[in-house]
Structures are given as structure tokens and as C-alpha cells.
Amino acid sequence: MIGLSHYLIVSAILFSIGLMGVLRRRNLLMLFFATEVMLNAVNIAFAAISHFYNDLTGQMFAFFIIAIAASEVAVGLGILIVLYKKQGSLDLDDLASMRG
Amino acid sequence: MYETIAFYLFSALTIVLFLITVMSKNVLYAMTALASGMVLISGFFFILGADFLGVVQLIVYVGAVMALYSFAMMFFDATRDIKEKNTPASLVFLLGGLSALVLVLMFAAPIHSEAVQALYPIHEGVGNAQDVGIVLFTKYLVPFEVAAVMLLVAMIAGIILAGKKMDQSLTSDMDVDAEDEILTQKDAK
């Protein structure tokens with residue numbers, strides 16, 4: 001039978017995949033994809049805990065996370081478009097223009 | 001029985017699809033894998049009895065967010081493979097190992113399961129949408145309104161950031177002749 005720990009383990013694996021993506025990616029668009037993976041993993045954990053503790057609070061938090069993710073994508077993609085117009089690339093190494 | 005099969009199927013497929021998202025060099029492949037992984041995650045929500053959350057996941061993530069990404073990809077050159085100098089593998093392995101250690105510690109930590117009480121319990125025999133609606137519009141009304149204002153701010157910011165100079169092409173390399181051509185066209189108008 002599937003218990004809470006199964007869902008939490010899947011969520012942790014997905015979160016680790018997203019974290020790995022955030023660590024190794026240098027392209028800003030791909031970095032955004034990796035953060036979406038992490039947010040989705042957390043949503044699974046919230047829904048599972050909400051189900052197994054018979055409490056609706058977890059689902060509420062998942063809703064607000066979805067709202068925050070949507071607004072993050074809207075603002076972030078606008079910034080990416082402006083950046084691409086300015087620099088011609090989305091690579092993080094090209095953006096390191098301030099050498100200390 | 002069916003729940004078990006669905007759980008293992010969904011989790012295996014989601015992990016594979018998200019690995020493709022993280023590892024792929026092609027933006028189009030990564031985005032397609034991300035979209036299908038999000039559809040499967042809504043399957044998790046339906047298994048867990050959070051029907052409304054699953055529908056919201058489908059509409060907002062797969063519908064709105066992925067459509068936004070695919071629109072944004074029209075501004076960038078999506079067909080070309082991304083050439084990026086990835087972070088050295090040893091550093092990634094070190095940091096990944098450390099985060100895995102933290103996760104193991106978190107799961108191994110004692111949880112006071114008996115002390116946890118349901119603050120807003122799920123009612124039997126009531127649909128999930130009704131239950132969620134009642135809690136959302138009574139106990140979480142202020143955060144709901146704040147989220148609405150936040151979405152409005154994000155919409156205005158997105159329009160203003162992306163909407164400037166929309167008449168200029170981004171993907172084609174604009175050399176001087178083409179710029180002159182555009183300028184003469186503008187003058188003609």
C-alpha cells in the first residue's frame with residue numbers, strides 16, 4: 001500500500017533533480033525550467049501531507065505556490081526578453097560583466 | 001491496487017521526464033518534457049483526492065505557464081542547441097551529496113505525528129471543490145486577495161517589460177542594411 005513516505009520520497013527525488021538542474025545549468029531559460037521542477041515537487045509533498053493528515057491546509061499552500069509560480073514566470077520571462085534584446089544571449093557567464 | 005500501479009507509473013514517468021528537462025540541450029525537448037511531467041503531476045493530485053488542485057495544476061501550469069514559455073521561445077532562437085559551459089561535475093556532486101544528506105536527515109528526524117491535528121479537516125461526502133472553496137474564502141481570504149494583487153502586479157510588469165520595442169525583430173541578426181531598411185520604411189510611413 002502506498003503511504004505518505006512513498007510520496008515524500010518521490011517529491012524529494014524530483015526536488016533533487018530540480019536542484020541538480022539549478023546547480024549545473026548556465027542558460028537562464030533552462031534555469032527557469034529547473035525551478036519549475038522544484039516548485040512542482042514541493043506541491044506533491046503538500047498534497048500528500050494534506051491527504052494523509054486529512055487537512056486542507058496543505059492544498060491551500062499548494063494553491064498559493066501555483067499563483068506565485070505563475071507570477072514569477074510572467075515577470076521572469078519579461079526580464080529575459082529585455083535581457084536578450086540587450087545582450088543577445090541568455091548565458092549566465094556572458095552576464096558576468098562586473099569583474100571585481 | 002490501481003492506486004499502487006498508478007503511483008509507480010506516474011512517479012517513474014515523472015522522474016524520467018524531469019531528468020530530460022534538466023539534462024537536455026534542446027529547449028524544445030526540455031519544454032515538452034516539462035509540460036508532460038506537469039500533466040503527470042496533476043495525476044498525482046487526482047490520486048491524492050485533491051481534485052481541485054489537479055484541475056488548477058492542469059489549467060495554470062500546463063495551460064498558462066507552458067503557453068507563456070512557448071510564446072517566449074519565439075523571441076529566442078529555440079531550434080539551435082544550447083551551448084553552455086556547465087558547472088564542473090565534482091562541484092555538482094559535492095553540493096548534490098550535501099543536499100541529499102540534508103534530505104535524509106530531514107526524513108530521519110522524529111516527527112510528532114500524534115501531536116499534529118487537522119486545522120481544517122477534509123469532510124467526508126463533500127466534494128473537494130466545495131471544501132476548498134469554503135476554507136479559501138473564509139480562513140484564507142486575505143492571502144487570496146494579496147495573491148490576486150500580486151498576479152495583477154506581475155501582469156503589468158510582464159506587459160511593460162516585454163511590450164517595449166515589440167516592432168524590432170530579435171531572432172534575425174540585424175545588420176546595418178536591414179536597420180537602414182527599417183528606418184526608411186518608417187520614414188515612408
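So you know, we letter chains A, B, ... as the sequences are listed, proteins then strands, and number each from 1. This one's a predicted model, so the numbers in the text were calculated from it and none came from an experiment.
Using a 4.5 Å cut-off between heavy atoms, Met1(B) makes no contact with chain A at all. In this structure, chain A has a heavy atom under 4.5 Å from the side chain of Val60(B), while its backbone stays farther away. Heavy atoms of Leu34(B) lying under 4.5 Å from chain A belong exclusively to its side chain. With a 4.5 Å cut-off on non-hydrogen atoms, Ala157(B) touches chain A through its side chain but not through its backbone. With a threshold of 4.5 angstrom between heavy atoms, Ala147(B) approaches chain A through side-chain atoms but not through N, CA, C or O. With a 4.5 Å cut-off on non-hydrogen atoms, Leu31(A) does not touch chain B at all. For a residue to count as touching a neighbouring chain, one of its non-hydrogen atoms must lie under 4.5 Å from one of that chain's; by this rule Leu19(A) touches chain B with the side chain only. Only the side chain of Leu29(A) comes within contact range of chain B, with heavy atoms under 4.5 Å apart. For Met23(B), the parts sitting under 4.5 Å from any heavy atom of chain A are the backbone and the side chain alike. The contact between Ile13(A) and chain B is made entirely by side chain atoms (from C-beta outward), counting heavy-atom distances below 4.5 Å.
Pairing each heavy atom of Ala162(B) with each of Lys85(A), the nearest pair is O-NZ, 4.0 Å. A pairwise comparison of heavy atoms in Asn43(A) and Gln57(B) identifies ND2-OE1, 4.3 Å as the closest pair. In this structure, Ala154(B) and Ser71(A) approach most closely via the heavy-atom pair CB-CB, 3.3 Å. Minimum heavy-atom separation, Leu161(B) to Val75(A): CD1-O, 3.9 Å. Heavy atoms only, all atoms of each residue included: Ala30(B) and Met30(A) are closest at CB-CE, 3.8 Å.
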| said: Apply side-chain contact (heavy atoms from CB on, under 4.5 Å) to residues Val10(A) and Thr14(B) and explain how you reach the verdict. | reply: CA-CA 9 Å; Val10(A) 167; Thr14(B) 317; over 6 Å; no
| task | Tell me, with the steps shown, if Met73(B) and Leu77(A) meet side-chain contact (heavy atoms from CB on, under 4.5 Å). | result | CA-CA 10 Å; Met73(B) 270 176 47; Leu77(A) 282 177; over 6 Å; no
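Within 6.0 Å of CZ in Phe52(A) there are more than 12 heavy atoms belonging to other residues, nucleotides or ligands.
Here the options are Phe45(B), Phe52(B), Phe144(B), the test is ring pair (Phe, Tyr, Trp, His ring centres under 6.0 Å), and the partner is Phe63(A); only Phe52(B) passes. Here the options are Val22(B), Leu95(B), Leu94(B), Leu91(B), the test is side-chain contact (heavy atoms from CB on, under 4.5 Å), and the partner is Leu23(A); only Leu95(B) passes.
For residues 22-44 of chain A, the pairs satisfying ring pair (Phe, Tyr, Trp, His ring centres under 6.0 Å) are Phe33(A)-Tyr69(B), with sequence neighbours left out. Residue pairs meeting the side chain to side chain donor-acceptor pair (under 3.5 Å) criterion with at least one member in residues 126-135 of chain B, sequence neighbours excluded, are Gln59(A)-Asn128(B), His123(B)-Asp131(B).
Highest contact tally toward chain B, considering only Ile79(A), Val82(A), Val73(A), is held by Val73(A) [criterion: heavy-atom pairs under 4.5 Å]. No other option in Leu56(A), Leu8(A), Leu80(A), Ile66(A) has as many heavy-atom pairs under 4.5 Å with chain B as Leu56(A). Top candidate by heavy-atom pairs under 4.5 Å with chain B, chosen from Gly76(A), Ser16(A), Ala74(A), is Ala74(A).
Residue Phe10(B) holds its CZ atom at 11.0 Å from CD1 of Ile44(A), rounded to the nearest 0.5 Å. Distance check, rounded to the nearest 0.5 Å: CG of Leu53(B) to CE of Met60(A) gives 9.0 Å. For the atom pair Lys25(B) NZ and Asn27(A) CG, the distance stands at 11.0 Å (nearest 0.5 Å). The CD atom of Glu36(A) sits 9.5 Å away from atom CZ of Phe18(B), with the distance rounded to the nearest 0.5 Å.
Taking Glu3(B) as the reference, Met1(A), Ile2(A), Tyr7(A), Ile47(B) meet the side chain to side chain contact (heavy atoms under 4.5 Å, CB included) condition, with sequence neighbours excluded.
Contact annotation for residues 133-140 of chain B against chain A (heavy-atom separation below 4.5 Å, listed by residue number): Val135(B), Leu136(B), Tyr140(B).
Following chains of ILVMFWY side-chain contacts shorter than 4.5 Å, one cannot reach Leu83(A) starting from Ile159(B), and the two form parts of different hydrophobic clusters. Ile65(A) and Val146(B) fall into different hydrophobic clusters, where Ile, Leu, Val, Met, Phe, Trp and Tyr side chains are chained together by heavy-atom contacts under 4.5 Å. Note on Val22(A): it does not cluster hydrophobically with Ile68(A), by side-chain heavy-atom contacts below 4.5 Å among ILVMFWY residues. Linking ILVMFWY residues whenever their side-chain heavy atoms come closer than 4.5 Å, directly or via other members, leaves Phe64(A) and Met150(B) in distinct clusters. Hydrophobic cluster membership differs between Leu151(B) and Ile59(B), with clusters built from Ile, Leu, Val, Met, Phe, Trp and Tyr side chains linked at under 4.5 angstrom.
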